[in-house]
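Counting starts at 1 for both ligands and their atoms, following the listed order.
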Amino acid sequence: MAGTADIVLSPDPRLKEECAPITEITPEVRALAERMLEDMYAADGCGLAAPQVGELVQLVVIDVDWGAGDKNPYVLINPRIVESSEETRTFEEGCLSFPGITVEVERPVGVVVHAENLDGDTMRYEASDNLLAVCLQHEIDHLHGVTMVDHLPLLKRMGKLREVERAIVAGARPGETSLD
Ligand code: NI
């Protein structure tokens, strides 16, 4: 069932798993992409990775234009970073699986990503110094069991994880990234 209740929350162990590559674009893969897009829009997110709905396969959906009112969904199958810039930048990230917090994460400013689309064509995504560049890296991390808090030093990470736990107990839902 699609919707924000479908989204797996920290500390679910599925967020720490390496995801399997997709070898064939089956009707199940298409249905999963549809479901993930619905969940992402329902939670007002700009990206969602399959493990965040409990499916350990290399599938990501992204829409960085949704906030502007137009839907422009990307479905990335087996996405991989083929180039990344030397220069880095810190960006305040949120994650639908970590309601109630944002985290400052330092990443390369620009990346080039290759991925298959639902037609099986290999697509090239190039992004630099924008939300798409951050989102691509954040979502691809999820496919390898890495979440935004894993980029923090240990004590800071533990603090943020406690904050998430408290926020969830207090009723925070996916997409709520209060700075309080
Ligand atoms: Ni995330």
Side-chain angles (χ1 to χ4, degrees), residues 2-20 22 32-67 71-81 84 88-109 111 113 115 125 127 130-153 156-168 172-179:
T4 56
D6 195 26
I7 295 173
V8 165
L9 300 180
S10 166
D12 192 295
R14 288 170 291 183
L15 295 172
K16 300 207 155 250
E17 296 287 326
E18 176 71 25
C19 294
I22 289 173
L32 176 59
E34 273 309 309
R35 175 180 147 206
M36 287 167 58
L37 283 167
E38 272 186 58
D39 293 347
M40 181 184 75
Y41 289 127
D44 266 331
C46 61
L48 190 66
Q52 292 182 275
V53 298
E55 300 292 336
L56 300 180
V57 294
Q58 294 189 12
L59 178 63
V60 154
V61 296
I62 288 178
D63 189 341
V64 290
D65 297 320
W66 170 233
K71 281 189 184 177
N72 182 21
Y74 297 164
V75 175
L76 287 81
I77 296 169
N78 305 329
R80 55 267 176 203
I81 294 171
S84 45
T88 61
R89 174 139 310 174
T90 300
F91 190 89
E92 192 168 358
E93 300 184 15
C95 179
L96 296 179
S97 295
F98 293 78
I101 64 161
T102 56
V103 171
E104 300 249 315
V105 182
E106 184 180 2
R107 301 184 186 272
V109 175
V111 284
V113 168
Y125 300 86
N130 56 19
L131 182 59
L132 181 59
V134 174
C135 203
L136 284 165
Q137 296 178 76
H138 176 120
E139 300 310 333
I140 291 171
D141 266 359
H142 272 299
L143 303 181
H144 305 288
V146 175
T147 63
M148 61 182 191
V149 294
D150 294 318
H151 290 271
L152 302 174
K156 214 168 176 181
R157 185 189 321 152
M158 289 169 67
K160 283 291 180 183
L161 288 173
R162 274 194 301 272
E163 254 184 75
V164 175
E165 218 179 300
R166 281 197 299 266
I168 292 171
R173 303 304 313 147
E176 294 175 11
T177 50
S178 157
L179 290 173

Legend entry - Axial cation check for Tyr41 ring with Lys71, 6.0 Å and 45° limits: yes

Legend entry - Side-chain heavy-atom pair Pro79, Leu136 within 4.5 angstrom cut-off: no

Inset, instruction - Show the numbers, then the answer: is there a side-chain contact (heavy atoms from CB on, under 4.5 Å) between Arg107 and His151? - result: CA-CA 9 Å; Arg107 301 184 186 272; His151 290 271; 3.4 Å; yes

Legend entry - Among Lys16, Glu17, Glu18, the one residue meeting side chain to side chain donor-acceptor pair (under 3.5 Å) with His144: Glu18

Legend entry - Sum of protein N, O or S atoms, each under 2.8 Å from the Ni ion (ligand 1): 3

Inset, instruction - Flag the pair Met148 / His142 as yes when at least one side-chain heavy-atom distance between them is below 4.5 Å, and no otherwise. - result: no

Inset, instruction - Given side chain to side chain donor-acceptor pair (under 3.5 Å), test Glu104 with Thr90 step by step and report yes or no. - result: CA-CA 6 Å; Glu104 300 249 315; Thr90 300; 5.4 Å; no

